[in-house]
Amino acid sequence: MKFYIDSLPVLFPYPRIYPEQYAYMCDLKRTLDQGGHCVLEMPSGTGKTVSLLSLIVAYQQHYPEKRKLIYCSRTMSEIEKALAELKALMKYRAQELGYEEEFRGLGLTSRKNLCLHPSVKREKSGTVVDARCRSLTAGFVKEKKERGEDVELCVYHDNLDLLEPHNLIPPGVWTFDGMLKYGEQNKQCPYFTARRMMPYCNVIIYSYHYLLDPKIADRVSKELSKDCIVVFDEAHNIDNVCIESLSIDLTEDVLRKATKGVNNLDRKITDMKSSDAEKLQNEYAKLVQGLRAADEARNEEAFMANPALPDDLLTEAVPGNIRRAEHFVAFLKRFIEYLKTRMKVLNVVADTPPEFLNHLRGLTFIERKPLRFCAERLTSLVRTLELTSIEDYQPLQEVATFATLVATYETGFLIIIEPFESATATVPNPVLHLTCLDAAIAIKPVFERFYSVIVTSGTMSPLDMYPRMLNFNTVVQESFTMTLTRKSFLPMIVDRGNDQTQITSQFEHRNDLQVQRNFGNLLIEFCKLTPDGVVVFFPSYLYMESIISAWQGMEILDTVWKYKLILVETPDAQETALALETFRTACNNGRGAVLLCVARGKVSEGIDFDHHYGRTVLCMGVPYQYTESRILKARLEFLRETYRIKEADFLSFDAMRHAAQCLGRVIRGKDDYGIMVLADKRFNKKQTQLPKWIQQGLDAKSTKLSIDQAVGAAKAFLKEMSVPWTRAEREGHSSWSLNELEEHQRKKEAHGISGTENPAMRALEGRAEIERVNGDGMVDEFGAGPDLDADMADMADVNG
Amino acid sequence: MSKQAGRAGGASKRQAEDGDICPVCKSSRYLNSTMEFKINPACYHRMCDTCVERIFKKGNNMCPVAGCAKTLAYKGFRRATFEDLQVEREVDIRKRVMKVMNKKEDDFETLRDYNDYLEQVEEITWNLILNIDKDATERKLDRFEAVQKAEGNAGVSKREPTKSTARVALNKGIVPEALNNDDADTDFSFRGLKKRVAPPKEAPFDPWGGYNIAQQYYVLQDNYDVDWYARMKSDPAHLVGGHSMQEYCSRALREAFGGFGVFIEDEIAARDDPSMDAGVGTEHAAAAAVSGDNVNMDDVF
């Protein structure tokens, strides 16, 4: 269907549109017009991706600037889905408009997924593929070949040089499969095609890391212009991605391998001095002049890039004392020896970077400045030495990155040395963590560089947490609900068992027999009444294991066994994949199955239990993080001091976003229905931190239930759902045709003066109610009441 | 026992290469869990602390490691900071060099010069580490240190060139020919060093900020020969403790001559003269009036 938002013609590839999709597009357009960042929450399964793509593509094609879209998602499968949606959309557009638009949409993923080289693609590990690819495609290898030496090259990569550099692949949308096929036909490398075509694309779809991880971003995303539209989809975990991309853990093993790498480098330098001293001399001369080699600017086979250095520093010359290769190698040796010495402590050490640097200077006379250039200098050296087996130098690279990070940032980082793995261990196994505490550091360049960044996900409540944590300002912040004709999901909070004892995963109570039995009874009851699949989430693997063994003793598992097949998630990815496959099979034929998994595990993010695969989800206990972790403690302290976010607020927010993710697993669309049970008394106080669309279904009569009350409600709900129902019933209300949409637009225009803030109008568009400031003053912005301290005490040791 | 063995196994993995065995007495950590290794910076040979006690406690002795004939003193022994003794030695040498070569980036005119300096320092350190004309380098270092010291003193006290400050001049980049050829090859010279300028001598502190408070129009005398004044001196009202006749006179005189420095004509002339600020203000107003659109008339209604 084709409709107009203001004067912008939008082609939407479906004949009907949901009201919330329309509202979502309006908000997107508002953001793009104004320029600025926005945070949007829309329930999963309401067609977020397609509304996003169709609006932005319409926007691109309508306005002459043709702003590029960078769409970042989390997993491979989500990226593929988005590519497929985009392809369908462009096909629809071509059909509607009657001509093919000049348009390119490409996805980028790792070499491992896009390699065509017959032997390289058979490698299992991604790093090996990367390394082997580099050894076949690097610039100096080619030079060698031209000089007549006998070296192997990748044909697929070489063929690219024969093509026009801006037209490596015909216009259109290319999925990964499509790219592979095209590459095979034309004998050209899909990976490098995608990389080199990025400046000429209208839409780029890739993973967060290509934009957020400074080690990669610098290489991949450098040339993207300022007016790009950046979208982070499924962004509820974006702060953790940011933090991980700047955190490094060093173990003794890494250091040992790094030492080996340094010794190797030393030998290589000596070799080269005797055979080809000129090259080293050239490099030296370049470094003296402070020139970054011209070919370096666009270097796709670079060993690694600099993690987030300010630009002015990048153009500065490398300090004199690490200019010569042998000096630099000795410098690295000294630094690694220092780290080794430092790791021999027997108690935990937490240092800020300035403290660390001071101690370092005192012991080894390494100044801050050369340390800062460490990563860059190593890259340059590796290039000069023409090393091909780069995977051997991985640990060394880690150490160099560590050095650069530690010397670059004074605040927002902490160095924690933990000599023992656990509190009870006696054999030291030290780990040195460089943890980034501030999620804003990694994402700051993105917000600064691009003037429209859209952060969106199904679960982002409370919305204002993200701008605070990531330190940016929004022009639009909106939460959408699901407009439903019939209430198709039933959220409930169960806080006590039939014997009136509480249900909670609080640390003091979690091992009480009664609590465990109540959890067990809850499981039995819901297994009895649910048709098909049941998914159960526990706060941690540890608790899951302990409760399963307790249930075994109480014969609870035997009872469950009568109704459902029991499957358990494990930390091992392959075992879990097998369990999931069995789960699906059992749901497809038979009485269904129950999957016991962990709220922060692989299942809780990214695996959908649509329709009969998930009719009930049980969240047993509040999924708090392990609060005794030193890293988490440091981060909490940092958040409190820098962004004024209280510890309890953050922990609670983090727990609730994971709980919401778990609940969202079962509703994957408007046709779907399911029961969501939150089993912990502490959920009662945290209702307001759930996404608006779940809150909407959570009325007073479905909170503070006992197990049998919940069972009653669930049975009634399932009965209601079993009434035959056609899609036609929801037309006009929760799904609009073109006429209805235009009708709505007219109505809205008539209401013009009261605008979108009109509550009735907002509800019609599926917007959530605006949060009002609570009158009683005791309630803070997350709706947590005065008993927050008690809450905090509760959570002090959950998740052990 | 088995637990201890396990721990020893874990630890030995860490130091597998030359292990936990003392190279002198061959006893291992397995038998002596409190064993500690020491080194002497004269030769950097590792030995356990019992050996050190045994051999060196009674006085200087030869290093027991075969082929090393150095005489070592007991007090020179210490624990090694680093596992790698090469690095330990390197760091010791660096400590020595850094003590002398401690110029900062601010001391140089350009970054390039500073980087060249850093490289030179690195070269010197390497010469020492690899024993390349070590003695000469050592000598150079010593001399440089002395010069540095002299320069430090010269900067504070005197500016006239003596023999030592002449060489400082050499280091500062303004290289006089005559000085350059006497022994320049044995000394260091760094390009681009900024000239050290002594801070201007501080003037003595003046609490009045240059304002003269001495009286110009009268001189306060010790006594005045007037009869009412003589009478007053014997008046009990003026004899109470803490009251001073001198103060009284000084105040009376100050008030009497109070307006003498002020010339009313000057003040009037200054008032009539249009001030600089007013002129600027009207110019701006005129410019604004011409451009027209930028005039912001604040109307409260």
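Below, read A as the first sequence line, B as the second, and so on, with proteins coming before strands; counting in each chain starts at 1. Because only heavy atoms are used, hydrogens play no part in the values below, and waters and symmetry mates are left out as well, while side chains stay in. All values reported here derive from a predicted model rather than from experimental measurement.
Neither the backbone nor the side chain of A:F335 comes within contact range of chain B; no heavy atoms are under 4.5 Å apart.
Ring centers of A:Y338 and B:F82: at least 6.0 Å apart, outside the cut-off. Taking the six-membered ring for Trp, B:Y114 and B:F108 have ring centres closer than 6.0 Å.
Taking 4.5 Å as the heavy-atom cut-off, the residues of residues 84-97 of chain B that approach chain A are B:D84, B:V87, B:E90, B:V91, B:R94, B:K95, ordered by number. At a heavy-atom cut-off of under 4.5 Å, chain B is reached by A:R323, A:R324, A:E326, A:H327, A:A330 from residues 322-332 of chain A, listed in order of number.
A salt bridge is defined here as a Lys NZ or Arg NE, NH1 or NH2 lying under 4.0 Å from an Asp or Glu carboxylate O, and B:D107 with B:K104 fails to meet this definition. A salt bridge links A:D253 with A:K257: the distance from a Lys NZ or Arg NE/NH1/NH2 to an Asp or Glu carboxylate oxygen falls below 4.0 Å. Salt bridge status for A:K340 with A:E337: present, with a side-chain N to carboxylate O gap under 4.0 Å. Under the 4.0 Å criterion applied to side-chain N and carboxylate O atoms, B:D113 and B:K103 are not assigned as salt-bridge partners. A:K333 has a carboxylate O that lies under 4.0 Å from a charged side-chain N of A:D266, or vice versa, which qualifies the two as a salt bridge.
Judged by distance alone, the side chains of B:N115 and B:R112 never bring a donor and an acceptor atom under 3.5 Å apart.
Across A:N321, A:L363, A:T341, A:T364, the residue that shares the most heavy-atom pairs under 4.5 angstrom with chain B is A:N321.
Of the inter-residue distances, the one linking A:E398 atom CD with A:L434 atom CG reads 11.5 Å to the nearest 0.5 angstrom.
Considering every non-hydrogen atom in both B:H45 and B:C68, the closest pair reads CE1-CB, 3.3 Å.
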